[in-house]
Colleague: 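The structure's right below; bear with me while I get my questions together.
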Amino acid sequence: MSGAKVRVAVNGYGVIGKRVADAVALQDDMELVGVADVASDYRIRVAVERGHAVFASDPAAGDEMDAAGISVAGTLDDLLGRVDVVADCAPKKLAAANKDRYQAAGVKGIWQGGEKHELTGYSFCAQVNYTGALNRDFARVVSCNTTALSRTMHALHRRGWVRRARAVLLRRGTDPWESHANGMINTVVPEIRVPSHQGPDAQTVIPDLDITTLAGAGPYNLSHIHFAMVETTRPVSLDELRDALWDEPRVAFVRAADGLVALNSVIELMRDLDRPRGDMWEVAVWEDALASDGREVYLTFQVHNEAIVVPETIDCIRALTGIEPDGAASVAKTDASLGITKTFLPATT
Ligand SMILES: NC(=O)c1ccc[n+]([C@@H]2O[C@H](COP(=O)([O-])OP(=O)(O)OC[C@H]3O[C@@H](n4cnc5c(N)ncnc54)[C@H](O)[C@@H]3O)[C@@H](O)[C@H]2O)c1
């Protein structure tokens, strides 16, 4: 590591990469050296507007960027020569193929949830397993759904309450930026495989969590919603459940009684709060939908897929580079920089 700040590259400036780049730029212990991509349209021109140095992830892309009037600072290999760590946010599988390149350049690498656990052998969720990632060369920040399951189930699991968890995940059909091209209309597409991959994926973060998930995708693009039913090892009261979730970082309550009755109203709240891109980095748990019947507890929560993994990626940078040995300190630092909260409307709550 050179100098006081960790030097960071972002490869793939899409839904996740552009948010990670902005978040890195906010950290006082990190320097965003540049972003790399293959696009040369408005998406990468925004990076120029934000003052980020733009690199071409492949030579043909560099030519296209030149032709589009984008000042290209170099190739991805040039960028790798100037950084300590790269957050690879390129599409799944394409990103995985870069591993040898990062290894050869002596650069630490972080991948996103589209990749398999086996790529790095370490699946990361800051509040669960930060310490195990310290000074590793590679890690994978788990997907949006797995991050949400890890955070919420960790609140219960670390208290020894989980006998068996089951969750139903209704995923967004596509992301807003590409909804002219992808998506579905007037339907829901169930995943046929049971368990859906998110349950086993959560076990890469919390290995002894007994969890089964079912999933499907619907014709909306504002985020995902999960319904979790957790059989407990002893009767857990509603107050205990509420307190456990309140104590868990990056979990915040919303209430239908406040008019936050659906995915769209919660996202509208994020916009009204002037959050960048209307992002919600927290898992939003409906406080007035929490329930307990003495045998099981029940949770309903919203997962803003475009944003939730961004703070995790920032913490993963600190863990891999070892600049902050204490996970709780990293989480607190990241949360302060982004404005992550326990309650979205503190003045009236
Ligand atoms: N979108 C989500 O909701 C979401 C949530 C959590 C995790 N993830 C994961 O994050 C990763 C990135 O997903 P995304 O949704 O940001 O994708 P995206 O399609 O929005 O962005 C990918 C970016 O990579 C660029 N790119 C394409 N080929 C490239 C190459 N060869 N080299 C470098 N850049 C290249 C694209 O131009 C684009 O800007 C995936 O692993 C995905 O599973 C996505």
Side-chain angles (χ1 to χ4, degrees), residues 9-23 34-48 52 54-62 64-65 68 70 72 75-77 79-80 86-99 101-102 109-117 119-120 123-125 139-151 169-183 197-198 201 215 217 220-225 263 267 277-281 283 302-313 316:
V10 174
N11 186 42
Y13 190 74
V15 170
I16 303 300
K18 64 188 177 185
R19 289 171 165 85
V20 168
D22 286 352
V35 302
D37 205 295
V38 295
S40 50
D41 61 12
Y42 79 95
R43 294 169 293 159
I44 198 73
R45 288 169 61 182
V46 171
V48 179
H52 305 328
V54 172
F55 293 73
S57 297
D58 69 38
E64 283 168 24
M65 286 175 180
I70 295 165
V72 183
T75 63
L76 175 58
D77 288 324
L79 179 57
L80 294 177
V86 54
D88 198 317
C89 306
K92 64 180 175 186
K93 295 187 180 147
L94 283 176
N98 288 325
K99 186 176 176 187
R101 205 168 175 181
Y102 299 156
I110 296 169
W111 283 267
Q112 296 295 322
E115 310 304 342
K116 294 198 179 335
H117 169 78
L119 177 69
T120 70
S123 293
F124 182 87
C125 175
R140 173 185 77 123
V141 169
V142 290
S143 74
C144 46
N145 286 307
T146 304
T147 298
L149 287 171
S150 299
R151 289 184 192 166
L169 287 53
L170 293 181
R171 297 170 31 239
R172 57 89 179 94
T174 187
D175 283 334
W177 82 272
E178 55 186 349
S179 54
H180 63 285
N182 295 325
H197 73 271
Q198 295 90 358
D201 205 39
Y220 51 91
N221 63 17
L222 289 178
S223 52
H224 310 310
I225 188 166
L263 301 182
I267 294 299
R277 300 185 174 93
D279 281 351
M280 183 170 72
W281 308 282
V283 180
Q302 180 167 349
V303 184
H304 192 205
N305 53 291
E306 297 175 271
I308 186 173
V309 297
V310 173
E312 306 293 339
T313 306
C316 196

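FYI, the numbering just counts along the sequence from 1. One-based numbering, in listed order, for ligands and for the atoms of each.
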Colleague: Which atoms of ligand 1 are found less than 4.0 Å from any heavy atom of W177?
Modeller: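 With W177 as reference, the close atoms of ligand 1 come out as 20 (O).
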Colleague: Does only the side chain of D58 get under 4.0 Å from ligand 1, or the backbone, or both, or neither? Count heavy atoms.
Modeller: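 No part of D58 comes within reach of ligand 1.
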Colleague: Determine, considering heavy atoms only, which of L76, I16, D37 sits nearest to atom 8 (N) of ligand 1.
Modeller: I16
Colleague: Can you name the nearest heavy-atom pair linking P311 to W281, along with the distance?
Modeller: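 Minimum heavy-atom contact is CD-CD1, 3.7 Å.
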Colleague: Checking a contact table here: which protein heavy atom is nearest atom 21 (O) of ligand 1, and how many Å away?
Modeller: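 For atom 21 (O) of ligand 1, the nearest protein heavy atom is G14 CA, 3.2 Å.
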Colleague: If you measure from each heavy atom of K18 to ligand 1, is any distance below 4.0 Å?
Modeller: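 Contact check K18 vs ligand 1: negative.
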Colleague: Suppose we measure from atom 33 (C) of ligand 1 to each protein heavy atom; which comes out shortest, and what is that distance?
Modeller: S57 OG, 3.2 Å
Colleague: Under 4.0 Å, heavy-atom basis, I'd like to know which part of D175 is in contact with ligand 1: side chain, backbone, both or neither.
Modeller: side chain
Colleague: Which option, V38, V20, V309, owns the non-hydrogen atom nearest atom 31 (N) of ligand 1?
Modeller: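 Result: the heavy atom closest to atom 31 (N) of ligand 1 is in V38.
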Colleague: Strictly below 4.0 Å, N to O, side chains only: are R43 and D37 in salt-bridge contact?
Modeller: no
Colleague: Pick one of side chain, backbone, both or neither for how N305 approaches ligand 1, counting any non-hydrogen atom pair under 4.0 Å.
Modeller: both
Colleague: Considering the heavy atoms of L94, write down every atom of ligand 1 situated less than 4.0 Å from one of them.
Modeller: 28 (N)
Colleague: Taking CZ in R101 as the centre, count heavy atoms belonging to other residues, nucleotides or ligands within less than 6.0 Å. Is the count above 12?
Modeller: yes
Colleague: Out of Q112, R171, R172, whose heavy atom is nearest to atom 10 (O) of ligand 1?
Modeller: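 Minimum heavy-atom distance to atom 10 (O) of ligand 1 goes to Q112.
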Colleague: How long is the gap from CE on M65 to CG on D41, to the nearest 0.5 Å?
Modeller: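 Going from CE on M65 over to CG on D41, the span is 10.0 Å.
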Colleague: Closest non-hydrogen protein atom to atom 15 (O) of ligand 1, residue and atom name please, with distance?
Modeller: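 Result for atom 15 (O) of ligand 1: V15 CB, 3.7 Å.
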Colleague: Does ligand 1 have an atom under 4.0 Å from some heavy atom of W111?
Modeller: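 No; W111 lies far enough from ligand 1 that no heavy-atom distance drops under 4.0 Å.
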Colleague: Considering G12, P91, A56, G114 one by one, which has a heavy atom nearer to atom 22 (C) of ligand 1 than any of the others?
Modeller: P91
